[in-house]
Structure formats: structure tokens, C-alpha cells
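Data block below; observations after.
The sequence lines fix the lettering, A, B, ..., with proteins before strands; numbering per chain opens at 1.
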2 protein chains.
Amino acid sequence: MRVSGKRRSQKERSAETSARLMNATIDLLHDQGLARTTTPEIARMAGVSRGALTHHFAGREAIISASVADMLGKAARDLHRFAEDFMARGGSSDEIVDYAWRMMDDRLFYVTMEYLPEARHNPAFRADLIPTVKEFHAGLDAVWTALAARAGTDPDHTRTVMNATMCLVRGMISQTVLRPNDPAYYEGLLGFWKQQVRQHFPMKPAAALTGRRKTATA
Amino acid sequence: MRVSGKRRSQKERSAETSARLMNATIDLLHDQGLARTTTPEIARMAGVSRGALTHHFAGREAIISASVADMLGKAARDLHRFAEDFMARGGSSDEIVDYAWRMMDDRLFYVTMEYLPEARHNPAFRADLIPTVKEFHAGLDAVWTALAARAGTDPDHTRTVMNATMCLVRGMISQTVLRPNDPAYYEGLLGFWKQQVRQHFPMKPAAALTGRRKTATA
DNA sequence: ACTTACAAACAGTCAAGCCTGTTTTTTGAA
DNA sequence: TTCAAAAAACAGGCTTGACTGTTTGTAAGT
């Protein structure tokens, strides 16, 4: 009965160490940048030896790639949960824009900005990442499609609107780096965009169903 | 071996060497990435010795910072020229969206993606870059304002629309790295966006003297 | 016993900054 | 005008430091 974790199986040890290393990698990518995300630093931040890292991952690229996949998987699951709740209670399209901003601003796109340049120049790394990102995009598309079904809008058009929203947010976040201390600018852009999105989201006051759970899971 | 047998002044030699080094730096940033943009590589690509580089620039960060400033200055001047021509002949708002895309896609934002992460983590580098970027943004704003005056639209609102356009394009270009071979996706987004922008640009045919482009009403 | 999980030292590589030497241009006084 | 000293523009080597991949050693789990 290892309730307090005195004796752990090898699988458990391995899984936790891997998780600690991947979390440390994402933390480091966000806080220090890819260039400063060295294997000694990752190991140090994860509280394990560098030998442990080399045991679990083939090398620097491998652990970064795995960590990114882990991060995107979590983000996709979070978005999915948000969409479930959103559709259950019938929120406003403004919320979606706000969620997109918060999701990307909450480290996701800052971390992305770290590895995108490397992916652009390193074919092996890029090849590793493309399937991961494709799956993430598929997850997004599924959510947008469900949203369209819920709102009764054209799925293709809805996906375009939401993808544009994501791109807008990406561009805005990239600006925050060298255009800091200008909240009015970003508020203005988000406000403008919410107004635009509303036009494409009649978002019928389905709030009448508030309180009812899953209506139809296409 | 002298180009035309003439003696060149020190200012000329210095200016040309600096320009060669800065151009090589941007080329390298775009083609190889920031991490691979080393001072030996820059010198080799510029066809000068590393000593020449250290003579003209205080160090690696300094030459990169100077090169970026040079690049942004050129881009701002190009945009200004485009706007002059655009206003003289009275183009469609679609053209502006297309120009924004072309400008950013033509290395500008790919190079930006290289140094943004470094700027985010290196306070000195960021402090060096912020004034440069602020000036670039001021140049953009001036163009948008002139455009608003020409179109008879509200300057503030026009700036918001155009800044949103820039952000959208930034986000789209960042996607191209890990979402390649999907021209329909980008075409779709740009087409959708042009449609949105048209709503905010009556773009009165006031001076529509010259042959107008496609202005399909969707 | 045998494998897995980890620890730690090792070796090769390479860029950044520094420093010294060499060539080209400018300066200023005879 | 001449021409040598000063200054600027370059060339190239040396040192240090840090990171990656690898290998060897050890304890824990099955």
C-alpha cells in the first residue's frame, strides 16, 4: 500500500520524471527562451540529473518536441471543455474571442514563438512538429464546427471566422513583445473584432436552454 | 584591387562595409535563423573579415539590432511609396490587404519572428529595438491616417481596421511555418478579410479615374 | 538475475569577445 | 606640394566558456 508514494513502480517513476522534465521544458521555453533552454537547465529545473533526461529522451530536440506536443494536447483539451460548457449554457460570441486571447496569451503562443523559428530552419524538428500541430488544428476545427452546429451557422464560414480570430490573436500577441504598456491598443483591436464576429454569429438567444445539459453531440 | 581604380574615402568604405554586413545579417536571419546567425557567418557572407565586423559594431547584438532597424526603415519607406501611388490613383481596399500580406510575407515578418523571442528575454536588446519599432509603427499609422483622409473615413477607426489587418497577416504568416502546402486556407482567410475591410472602406470612387480593380460586392 | 531508472564524469565543438598586427586614408606642418 | 605621423579600416589568431552527445557507474524495481 504505497499510499504516500514510498514505493513506486518503475512506470510511475518514469512517467513522473518525464512529466517533470516536459513541464520544466515548457517553463523554460516560456521564461528563458529556446536558446537558453539547454539540457542542463531543464534537468536542473526539473530537479533531476541530466542523465535522467538523456535516458528518457533521445536528445534536446526530442524533449522539446515532446513537451510541445504535451502542451498542445492540454490546450486542445481545455478548449474542448470550454466549448462544452459554452454550448451547454449558450454564451456570447464575445466570450469566444476572449477565450482565444486568454488561451494564446497564457503562455501558449509565447512558447510557440520560441520554437517556430527553429521549426522553420530545422527540417527534422519541423517534421516532428507538423503532425502534432495538425492534430491541434483538427481539434480546433472540431470545436468550431460544433459551435456552428450549435449556432446554426454555416460550418465553413464559421471556421473561417474563428481561424481569422486565432490569427488576429497570434498577431496581436507577437506585437506585445515590442509594443508593451499599451493595453488600450489591444483592447481596441479585440473590441473591434468582437463587433465583427457578432455579425457572423446570430447566436440566437439559445440561452433559453440555460441549465439543460448536453443537447446534441453531433 | 579597386573597383574603378579610384580611391574611396573612408566614409565610403565604411558605409559600404556596414551595409554589406547588415544585409548579410538580414539574409542570414531569414535563411538560417537567429541561432545560426553567428558573427563568423555574417562576416563570411558579407565577404569581409570578422575583424571588420567587430570594428564597425560593438558585438553580435549590436549588428543585429542595427540590421533590423535598417530593414524596418526600408519597409516603412516602401509602404510610404505604395501609399502615395495608391492614393494618387485611388485603389481598392483589397489592394491594401494584399500589400500588407506581401510586405510581411516578403521576409519582413519571418525575420521578425527570429528576433522577437530574443527581444522578449533580453532586456538590453529589447530596449534597443523598442524605439525602432515605435518609429515603424508611427510610419504605419501615418499611412493609415492619410488613407483615412483620402477615403473620408474616421481616422481612429481606420487605424484600428488596418492594425487588425496587420495583426491578422502576422498570425497567418506565423502559421505558414507548420501549416505549409495549404494555399486554400490562406486564400480563404485573406478573401474573408478583404470582405470585412470593404465594409469599413466606402472608398468613394472620388478619384477612380484609372482602371479599377475587381470590386465584387459579396 | 536481469532490466530499468537514474547519476556523473568525459570529449568534441564552436561561438563571443579580446587583442595584436597590417593596410589604407586623412591630416597638418615644413 | 610633400610627406610623415595619426587615425581609421581592416585581418586574423587566441582564450574562455558552455552546450551536446556519449559513456561509464550505481541503485532500485521485477
Exercise. Give A/Thr54 one of three labels, base, sugar-phosphate or nothing, depending on what nucleic acid heavy atoms sit under 4.0 Å from its own.
Key: base
Self-check item: Length of the line joining B/Ile63:CD1 and C/dA16:P, which is rounded to integer Å
Solution: 11 Å
Practice problem: Starting from the C-alpha separation in whole Å, work towards a yes-or-no answer on salt bridge (Lys or Arg N to Asp or Glu O under 4.0 Å) for B/Glu118 and B/Arg60. | Solution: CA-CA 12 Å; B/Glu118 179 64 19; B/Arg60 190 180 111 104; 5.6 Å; no
Self-check item: Residue A/Arg13, side-chain atoms from C-beta onward, closest of C/dT26, C/dA5, D/dT22
Solution: C/dA5
Quiz item: Which pair of non-hydrogen atoms, one from B/Ala100 and one from B/Met166, has the smallest distance, and what is that distance?
Solution: CB-SD, 3.9 Å
Quiz item: To the nearest Å, how far apart are B/Arg50 CZ and C/dG17 P?
Solution: 8 Å
Quiz item: Passes salt bridge (Lys or Arg N to Asp or Glu O under 4.0 Å), A/Asp98 versus A/Arg102? Steps please.
Solution: CA-CA 6 Å; A/Asp98 278 328; A/Arg102 256 183 293 118; 5.8 Å; no
Quiz item: Which residues in residues 113-128 of chain B have at least one heavy atom lying under 4.0 Å from any atom of DNA chain D?
Solution: none
Using residues 25-35 of chain A as the side-chain source, report each donor-acceptor pair under 3.5 Å to any protein atom, sequence neighbours left out, with the distance given to one decimal.
residue, atom, partner, partner atom, Å
A/Thr25, OG1, A/Leu21, O, 2.7
A/Asp27, OD1, A/Arg107, NH1, 2.9
A/Asp27, OD1, A/Arg107, NH2, 3.1

Exercise. Tell me whether the OP1 or OP2 atom of C/dA5 has a side-chain N or O from A/His56 closer than 4.0 Å.
Key: no
Exercise. Please state how far atom CD in A/Glu61 lies from atom P in D/dG21, giving the value in whole angstrom units.
Key: 8 Å
Self-check item: Closest contact, heavy atoms only, A/Pro131 versus A/Ala127
Solution: CD-O, 3.0 Å
Quiz prompt | Heavy-atom closest pair, residues B/Phe192 and A/Ala164 | solution = CE2-CB, 3.8 Å
Exercise. Tell me which residues in residues 21-47 of chain A put a heavy atom below 4.0 Å from DNA chain D, sorted by number, or none.
Key: A/Thr38, A/Thr39, A/Pro40
Practice problem: Kindly determine whether A/Glu84 and A/Arg81 satisfy salt bridge (Lys or Arg N to Asp or Glu O under 4.0 Å), including the steps that lead there. | Solution: CA-CA 5 Å; A/Glu84 292 272 302; A/Arg81 274 196 294 272; over 6 Å; no
Quiz prompt | d(CG, A/Leu53; P, D/dG21) in whole Å | solution = 10 Å
Quiz item: Can you tell me how far P of C/dA5 sits from CZ of A/Arg20, to the nearest Å?
Solution: 16 Å
Quiz item: Taking only side-chain nitrogens and oxygens of B/Ser49, does any of them come within less than 4.0 Å of OP1 or OP2 of D/dG12?
Solution: no
Quiz prompt | Nucleotide of D/dA11, D/dT20, D/dA9 approaching B/Val48 most closely (side-chain heavy atoms) | solution = D/dA11
Quiz item: Does CD belonging to B/Glu135 count more than 12 external heavy atoms closer than 6.0 Å?
Solution: no
Quiz item: Under 4.0 Å between a side-chain N or O of B/Arg60 and OP1 or OP2 of C/dA16?
Solution: yes
Quiz item: Between C/dT25 and B/Ser9, is there an OP1 or OP2 to side-chain N/O distance shorter than 4.0 Å?
Solution: no
Practice problem: Please tell me if the side chains of A/Asp105 and A/Tyr110 come closer than 4.5 Å, counting only heavy atoms from C-beta onward. | Solution: yes
Quiz item: Is any side-chain heavy atom of B/Arg179 less than 4.5 Å from a side-chain heavy atom of A/Val133?
Solution: no
Exercise. May I ask you to verify if any side-chain N or O of A/His55 is less than 4.0 angstrom from the OP1 or OP2 atom of C/dC6?
Key: no
Quiz item: B/Glu16 CD to C/dT24 C1': how many Å, rounded?
Solution: 15 Å
Quiz item: Given atom CD of B/Gln10 and atom P of D/dA9, what is their separation to the nearest angstrom?
Solution: 5 Å
